[in-house]
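Step one of this worksheet: look at the structure below.
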There are 2 protein chains.
Amino acid sequence: MSGKRDKREAIVEAMLDLIVERGFHDAPMSLLAKRSGASPGVIYHYFPSKDELIHAVYQHVVSIKHELFFEGFSEDEPPREALLRIWLNAYRFYRTRRKETRFLDQYLNSPYCKTGAEEEMRSASSESARILQWLQPKKKGGIVKDIPSEAIYGLTLGLAASLAKAPKTFSPVTLKRIAETVWQAIADE
Amino acid sequence: MSGKRDKREAIVEAMLDLIVERGFHDAPMSLLAKRSGASPGVIYHYFPSKDELIHAVYQHVVSIKHELFFEGFSEDEPPREALLRIWLNAYRFYRTRRKETRFLDQYLNSPYCKTGAEEEMRSASSESARILQWLQPKKKGGIVKDIPSEAIYGLTLGLAASLAKAPKTFSPVTLKRIAETVWQAIADE
DNA sequence: CATCTTAGATCGAACGTTCGTTCTAATCGA
DNA sequence: TCGATTAGAACGAACGTTCGATCTAAGATG
């Protein structure tokens, strides 16, 4: 019976579209009302303010990202295979979920995520934190090079992001080759 | 004495600050007038609209970036040294020019740079284009691995960017080590 | 040298519009 | 019928922009 959750989600989804299309500076509530099919009154029934709504959009996007990144992941997979899996998952996310990627790029670099962001930051970093936490013991164990965690992140997921933004589509073979180059770059011999 | 150019530049500089501090959605012309010491009228004397002003801020930032990236660069330096130099330059830019970096992150991911962007796009890509063009013959020559240009960009400058964003400061020794790891990752053995 | 001319720079009040948000009256489900 | 839900008109504030007046300084004219 198309309950209220649906309407809430429709609002979040419409706001996501709006921001991606027109940016934070040009995403008025009036247009959101039109696009989402919910009147201004209803929007303010679900969200106390525009800012809170935008934070909600962020939470929504982050949960999708987290889910897709760790699809099929298991703690006891060999390090190499686990990393290759996450890397390919990340590439797939950045490539297929363009709207979500674009929103994240805008949001994370805007002052929006600095204000009232505490709850968020925990979930924001949760997915990279989870990866890094998993990598930590591998460093001590000499499986992964002892370079800063940020470098590892940049070499792996950062690369996936910048590849996914390229106009070209890469064949599975090419991707596999790149993923292996990535592993070589961070693995300790 | 303190001619007109200064005022124009003061406006651009103040807008840069404003956007970095408060985002595109919360950088009103009224506040810009107060901060820059120029009245609304004068701002519109120098720039036809807010959008054009923002584009001007972008041009300003890009020219700084380009200059710093290629500081000390020479075409006939050996590939390895040239890449290390640019890599360290890039890291230094991202690390010390935080305002400019933050602005670029916001601007490039916003719809601002999609509208009326043609003139811009030429200079936007000019600095990465220059690097890639320089790398191209090295690939054919077997000096650099035959992987997509985007991958090379991600592995080098993308990494520099994500490292520079980390809270930590890295020692020159660490940086040198990372730069060499970068070279290993893209060099063909 | 004193005065006139003129084009650009500067100001800040004011404009019409649009924003985020609220309120009221109608509607719905029980 | 009664409380919850809704649509959309309405609100004050704030927005980007305009405008006519004023200022400044560098020739031009005599």
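Quick note on labels: first sequence line is chain A, next is B, and so on, each numbered from 1. Hydrogens, waters and symmetry mates are skipped; everything else that's a heavy atom, side chains included, is used.
- Residues passing the salt bridge (Lys or Arg N to Asp or Glu O under 4.0 Å) test with A:Arg95: none are found, sequence neighbours excluded.
- Partners of B:His25 by ring pair (Phe, Tyr, Trp, His ring centres under 6.0 Å), not counting sequence neighbours, listed by chain and number: A:Tyr112.
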_Walk along nucleotides 11-30 of chain C from 5' to 3' and tag each nucleotide B, S or - by protein heavy-atom contact under 4.0 Å, base first, then sugar-phosphate._
BB------SSBB--------

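- Here B:His45 reaches the OP1 or OP2 of C:dA9: one of its side-chain N or O atoms lies under 4.0 Å away.
- In this structure, the side chain to side chain contact (heavy atoms under 4.5 Å, CB included) partners of B:Ala38, at least two apart in sequence or on a different chain, are B:Lys7, B:Ile11, B:Ser36, B:Val42, B:Ile43.
- One finds no side-chain N or O of B:Tyr46 lying less than 4.0 angstrom from the OP1 or OP2 phosphate oxygen of C:dG8.
- With sequence neighbours excluded, the residues that form a salt bridge (Lys or Arg N to Asp or Glu O under 4.0 Å) with B:Lys165 are B:Asp105.
- With sequence neighbours left out, the side chain to side chain contact (heavy atoms under 4.5 Å, CB included) criterion links B:Leu104 to B:Tyr58, B:Val61, B:Val62, B:Lys65, B:Phe93, B:Leu108.
- Look at CD1 on B:Ile11: it is 11 Å from P on C:dA9, rounded to the nearest Å.
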*Given Watson-Crick or G-U pairs with both distances under 3.5 Å, what dot-bracket string fits DNA chain C, with | for other-strand pairs and [ ] for crossing?*
||||||||||||||||||||||||||||||

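- Atom CD1 in B:Ile43 sits about 20 Å away from atom P in C:dG8, given to the nearest Å.
- Taking B:Arg102 as the reference, A:Lys114, B:Val20 meet the side chain to side chain contact (heavy atoms under 4.5 Å, CB included) condition, with sequence neighbours excluded.
- Annotation: salt bridge (Lys or Arg N to Asp or Glu O under 4.0 Å) contacts of A:Glu71 (sequence neighbours excluded): A:Arg92.
- Between the side chains of A:Asp51 and A:Ser49, no donor-acceptor pair is found at a separation under 3.5 Å.
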